[in-house]
Amino acid sequence: MKSKSGLLLDIEDTCMLSNELFYCRVLPNFVECWWDIVLFDVLICNASGIALGMGVVTCLKIPTLHWWYRPHDSDSTLKYTNTTNTLSSLTFWRSCIKQGLWVFILLFFCNTAELNSFTLKRVFGVHKNHPLNVIRLLTHAFMSYRVITNYRKFLADSLSAKALPAQFWGYLVAVVLEFACAFKHGDLFTSAIVPNMVAWVGMLCTGSVVYTCLASALNSKVSVCKHD
């Protein structure tokens with residue numbers, strides 16, 4: 001069993017909570033004070049939960065899934081001799097943008113699956129304790145673990161696109177179909193909500209690039225220290 005990195009969990013958690021800000025106009029249960037979301041949800045409750053969870057992961061010696069990699073010396077100009085040169089390398093920033101795209105795809109589907117939980121209940125009037133809702137949540141929980149692990153293997157060149165199991169593609173299709181059902185059968189996603197959706201996608205893009213840049217920068221500094 002593996003877990004995501006703590007930094008990515010922080011970014012993902014912030015993006016998921018941003019759903020409440022961007023979609024509160026169509027989902028009344030998302031209506032909260034912005035300071036309540038930022039202060040209590042992001043900085044106190046969820047941050048403490050993530051820190052505690054990562055502490056348990058460390059104690060149990062469960063490896064973490066890092067969503068960045070250092071470019072190979074054969075196709076980059078990165079060296080271990082100088083941190084400044086490493087961070088200012090053109091290849092470094094190209095790598096950040098490329099890897100940010102892969103992280104964006106991960107964040108997009110994770111956030112969409114989370115958003116579907118609320119939109120489907122709103123559109124079809126399903127109570128949160130209804131058996132169908134419970135089965136859906138459990139199915140997502142069990143499937144997403146394998147999907148995320150296989151996606152990381154794909155990014156690490158351990159799996160080709162053709163070698164990805166049917167469960168991987170089936171999960172992505174399920175997330176898209178859920179969103180399509182909420183879009184077709186409900187009146188939530190009107191033209192008035194388009195700016196919010198664009199801002200939401202921008203938030204995911206920003207979170208992806210911030211994570212990748214920070215993770216790559218930290219990795220570069222650690223690598224320099226090891227080679228000094």
Side-chain angles (χ1 to χ4, degrees), residues 1-4 6 8-33 36-37 40-42 44-54 56-57 60 62 64-65 104-154 164-190 192-193 196-197 200-201 203-204 207:
M1 183 177 180
K2 299 183 179 181
S3 78
K4 299 178 185 177
L8 180 60
L9 287 173
D10 288 328
I11 298 292
E12 183 178 348
D13 174 65
T14 303
C15 290
M16 284 186 174
L17 288 173
S18 70
N19 291 347
E20 298 183 10
L21 295 175
F22 295 125
Y23 293 101
C24 61
R25 294 180 58 182
V26 295
L27 296 170
N29 54 327
F30 277 0
V31 177
E32 294 183 20
C33 298
D36 179 62
I37 297 175
F40 290 100
D41 291 347
V42 176
I44 297 180
C45 298
N46 291 15
S48 301
I50 291 174
L52 178 62
M54 294 306 297
V56 172
V57 167
L60 297 178
I62 299 175
T64 56
L65 292 173
F104 168 78
I105 294 174
L106 174 69
L107 291 180
F108 178 81
F109 277 97
C110 288
N111 277 264
T112 302
E114 177 76 10
L115 186 63
N116 289 342
S117 301
F118 297 94
T119 55
L120 290 175
K121 287 187 292 185
R122 174 73 175 173
V123 170
F124 296 105
V126 180
H127 191 269
K128 63 180 181 179
N129 295 327
H130 192 280
L132 288 178
N133 192 49
V134 175
I135 292 174
R136 177 193 174 275
L137 292 177
L138 291 176
T139 302
H140 273 269
F142 286 112
M143 290 185 66
S144 61
Y145 162 70
R146 293 301 305 170
V147 168
I148 293 174
T149 303
N150 288 326
Y151 183 58
R152 185 62 188 87
K153 290 180 179 179
F154 167 73
L164 288 171
Q167 179 187 3
F168 178 88
W169 301 109
Y171 181 80
L172 299 187
V173 171
V175 172
V176 173
L177 289 178
E178 285 181 346
F179 182 83
C181 286
F183 183 85
K184 180 176 177 58
H185 297 285
D187 56 353
L188 303 180
F189 301 100
T190 61
I193 200 65
N196 299 60
M197 298 180 69
W200 173 67
V201 173
M203 179 70 178
L204 298 182

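Residues: numbered from 1 along the sequence shown. What you see is a predicted model, and the numbers here were worked out from it, not measured in a lab.
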Stepwise side-chain contact (heavy atoms from CB on, under 4.5 Å) test for I148 and Y151 = CA-CA 5 Å; I148 293 174; Y151 183 58; 5.6 Å; no
More than 12 heavy atoms of other groups within 6.0 Å of N129 CG = yes
Nearest heavy-atom neighbours spanning Q167 and M143 = NE2-CA, 3.4 Å
message = Please report the interatomic distance CG(N111) to CG(L106), rounded to the nearest 0.5 Å.
response = 9.0 Å
message = Using the side-chain hydrogen bond (donor to acceptor under 3.5 Å, both in side chains) criterion, which residues pair with T139? Sequence neighbours excluded.
response = none
ask   = Do S117 and E178 come close enough that some side-chain heavy atom pair is under 4.5 Å?
value = no
query = Are the side chains of L188 and F183 in touch, meaning some heavy atoms are under 4.5 Å apart?
reply = no
query = Hey, does F104 have a side-chain heavy atom less than 4.5 Å from the side chain of L107?
reply = no
request  = Taking the side chain as every heavy atom from C-beta outward, state whether N196 and Y23 have any pair of such atoms under 4.5 Å apart.
outcome  = no
inquiry  = On a heavy-atom basis, which atom in F168 and which in L164 lie closest, and how many Å separate them?
reply    = CE2-CD1, 3.7 Å
task = Report yes if the side chains of L204 and W200 come closer than 4.5 Å at any heavy-atom pair, otherwise no.
result = yes
remark   = Residues V175 and N116: closest non-hydrogen pair is O-ND2, 3.1 Å
query = Are any non-hydrogen side-chain atoms of P28 and R122 less than 4.5 angstrom apart?
reply = yes
ask   = Taking side chain as C-beta onward, heavy atoms only, is M203 less than 4.5 Å from F22?
value = yes
task = Calculate, to the nearest 0.5 Å, the distance between atoms SG and CG belonging to C181 and L177 respectively.
result = 6.5 Å
inquiry  = Are there over 12 heavy-atom neighbours, none belonging to F124, within less than 6.0 Å of that residue's CZ?
reply    = yes
ask   = Side-chain contact, heavy-atom cut-off 4.5 Å: L27 with T119?
value = yes
task = Would you please name every residue forming a side-chain hydrogen bond (donor to acceptor under 3.5 Å, both in side chains) with Y171, sequence neighbours left out?
result = H140
ask   = Are F189 and F179 near enough that their ring centres are under 6.0 Å apart?
value = yes
task = Check L120 against R136 and note the closest heavy-atom contact, atom names and distance.
result = CD1-NE, 3.9 Å
